[in-house]
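Here is the structure we will look at.
A, B, ... follow the sequence lines: proteins, then strands. Residue 1 opens every chain.
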Amino acid sequence: MAANTLLSNEELERGRRARSVRKHITAYGFLAPAFAFLIVFLFIPLIVAIYLSFTRYDLLTSPEWVGFANYETLFQDPLFWQGLRNSFIYLSVTPILIVLSISLAIVVNRRLRGVYIFRTIYYIPAVTSVVAVGMIFEFVFAEPAGLLNGVLTSLGIIDAPINFLTHPNSTLVSIMLVTIWRGIGFYMIVFLAALQSVPEELYEAAALDGANRFQQHWHITVPGIRPSIIFVAIISSISALKVFEEIWVMTDGTAGLLDSALTLMFYLYRQAFTNLEMGYAAAIAVVFSIITVVFSLLNLRYLERNNHEPEQP
Amino acid sequence: MKKLLVAPLLMLAAAMAIAPVAAQEREDRPNRDLSGNFWSPTEEDYARWRVIDGVEDGATIRFWPWALTPDFEDYLNQIIANFEATYPGVTVVLEGQPAAGARDNIRNSFAAGNPADVINMSDGWVAEFAEAGVLLNTDEALGAAYPELREEYVDGAWEKVTFEGVTYHLPWYLAFSNVMAVNGLIAEELGIAAEDIPTTWADAYQFACDVREQSGGAYYAYSFPWGELAGLGVLNTFIGEGIPVYNEDRSAVVFNEDPAAAAILDEYKRLLDEDCIPRVSLTDDVRDMIDSFSQGEILLLQTGPQLFRLVEENNPEVFESLFLGQQFVGAANITSIGGVQTLAIPASTQYPNAALAFAQFVTNADVQTAFSREVPIYSSNLVSYEDPFFTEGGPSLTDQLRPLAGEYFSTAVNTGILDFPQLAEVEQIVLGEFQAALLGVKSSQEALDAMASRINAILAAQ
């Protein structure tokens, strides 16, 4: 009887193990396609990029090992620093985008007739092709009689046209406006979804306590949608650091006069696909990735720390 | 009964599917000559076209034209049909590349070790492949082996792109570099006749300010596409003004040593500062320049005639008013060869003779004349210009240019500015320093000195 029981326990144990193995196999089976995809399209390219950053490679002939030469050149390259500086300047679109899209989300988060039409209209730029956006803004920024210059001149605000894209000091700012215009609708939708999860009673209670609209939003809305703010801050920062399309389209692939709109990503593209300096471009990519990861971690840490701070009584 | 009916119908459908499409007239190709030897070749034509020896029997070669399909697919298919009849046993596979990304596609095909056997490249693209040593030396393959065929090509086009003095392409179709079109509506409004328009750049600078003043600021005389072409255009301008770009052994550039070079940049800066030319010249490419001209803001357009169709599409009223003027020339009184489309053959091709035969076939006189009948581009084969199609003009603007083409291309000068190693970097250097001079960041002489010094550093590193 005891032997039978022992045997039965072993069988039970084997059965458990077999079920556990089957469960793991099933789980790994489901994970395998995604993992294989990541290996092929992320990890291998990443490793190859790191390897290429130590080579001189023109795409047409075999890579030649050059050690740290690309990195040494990179840190002495004024265009690299100009690109880095412009990329960080471009980051200033993030707070502007957050403030404007939260404001817009609050405006369209009302029970008004036709509000869905406004939401749709505000979202249209997010789904408009960047080439079309480029054509629109070429007209908006055109000189001497584009939309903006024409309106400002006819209102008597300016005497001479503003050189939106033909002055080195204004090119980057003009393109940042395009990014803000494109991004605002998308982030508005994110914040709108977050706003709808903030309980209405909190606003009613705050109103009873005498809080005005601004105080209600500052003390209820902002804390209530903080996770979305963190999400938007991180993804919009990464997008701003990676900006390429708008610059390409608005400057016809030149990065503007005197490379005034040259960002790090644009410089990477130029080195890789115009100059065929793949090794050098890979070194830029590696440095750029490190900067992006460090920046995102700092961003996350700062915002999450604020998120966990207790509310003042 | 049904089977009896269906079977012949299926056979007929299958036969229609595999039968070659008969050449057709097309409304958008008014000059197409279906009775000519290209669309209706004879055995004699095939024998005449068969000029390359040792073509590999059973070869299948891939052909990559760019920006020509689907618009010119019937023309390209006819080339292939004619070629396969000329060289039986060789098969050509047409793999047309879209204009966008064509250069990257070619690079990627080489990187993957699988380039096509005959590749259409714009002249500015060839240098990087030649520099990497992946293209067939056509000076040897055709120039030395078939000198009589080499003689047929326009010299300036054959030499348009060389690397270390060697040519790595066969020139295909050409464009006039500059033809002067005049907006007749503006000319009439301002009372400007053809003979009032200057013919030299020296006079053209002041003319720009005169037109601006005369029109009360309503019109500009002309604009520049500096956003796109400054890199090479400014060096072309120097050559046009008789300023040597290189030293004698081409080991260094010396244009900065001639004060006339700085004077040109000073003049450009004056035109910009005094609003005699549109400020957007700094950033415009050729397409933008044509758009501005089409909008009726600019009196003169100096560009290739093949681009006049853009004016027609943008503004038929302006197009209808156009008349031809004399192009501006510099002190050296030369015309430079314009854009050259080339055919390059990878050095690694499995069928070098078949590929060479096909590239030569595409660029022979008959095939290129037929192409000029499709669209107003010009043949790189001088024999084409003996054809009545070229010796006789016609009523339209582009028709009027045809009789001039033979002389133009036989005398047009190759300025040799595409021969720089690391051409893309040289272009960026020239563009950046050119902009620095025009924006007043540097004096013209400082910018030219910096330009020359940076280019010479690249030349010295070779």
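Neither the backbone nor the side chain of Pro161(A) has a heavy atom closer than 4.5 Å to any heavy atom of chain B. Both the backbone and the side chain of Leu282(B) come within contact range of chain A, each with at least one heavy atom under 4.5 Å from a heavy atom of that chain. Only the backbone of Leu165(A) comes within less than 4.5 Å of a heavy atom of chain B; no side-chain atom from C-beta onward does. Using a 4.5 Å cut-off between heavy atoms, Val280(B) contacts chain A through both its backbone and its side chain.
For Asn256(B) against Leu448(B), the heavy-atom pair with the smallest separation is CB-O, 3.6 Å. The heavy-atom pair separating Ile455(B) from Phe420(B) by the smallest distance is CG2-CE2, 3.7 Å. The two residues Leu136(B) and Ala141(B) have their closest heavy-atom pair at CD2-CB, 3.8 Å. The minimum heavy-atom distance between Leu439(B) and Pro168(A), with the atom names listed, is CD1-CG, 3.7 Å.
Partners of Ala36(A) according to the side chain to side chain contact (heavy atoms under 4.5 Å, CB included) rule, which considers only residues two or more places apart in sequence or in another chain, do not exist here.
Panel note: side chain Asn120(B), backbone Thr342(B); a donor-acceptor pair is recorded below 3.5 Å.
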Quick one: donor-acceptor pairs between chain B and chain A, under 3.5 Å, side chains and backbone, table format.
residue	atom	partner	partner atom	Å
Arg107(B)	NH1	Phe273(A)	O	2.1
Arg107(B)	NH2	Phe273(A)	O	3.0
Arg279(B)	NE	Thr166(A)	O	2.9
Arg279(B)	NE	Thr166(A)	OG1	3.3
Arg279(B)	NH2	Thr166(A)	O	2.7
Gln428(B)	OE1	Asn275(A)	ND2	3.4
Gln428(B)	NE2	Asn275(A)	OD1	2.9
Gln435(B)	OE1	Leu258(A)	N	2.8

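At most 12 heavy atoms of other shown residues, nucleotides or ligands fall within 6.0 angstrom of atom CZ in Phe35(A).
With values rounded to the nearest 0.5 angstrom, Leu264(A) atom CG is found 9.0 Å from Phe88(A) atom CZ.
Of all the listed residues (Pro278(B), Ala436(B), Ala132(B), Gly133(B)), the one sharing the greatest number of non-hydrogen pairs under 4.5 Å with chain A is Ala132(B).
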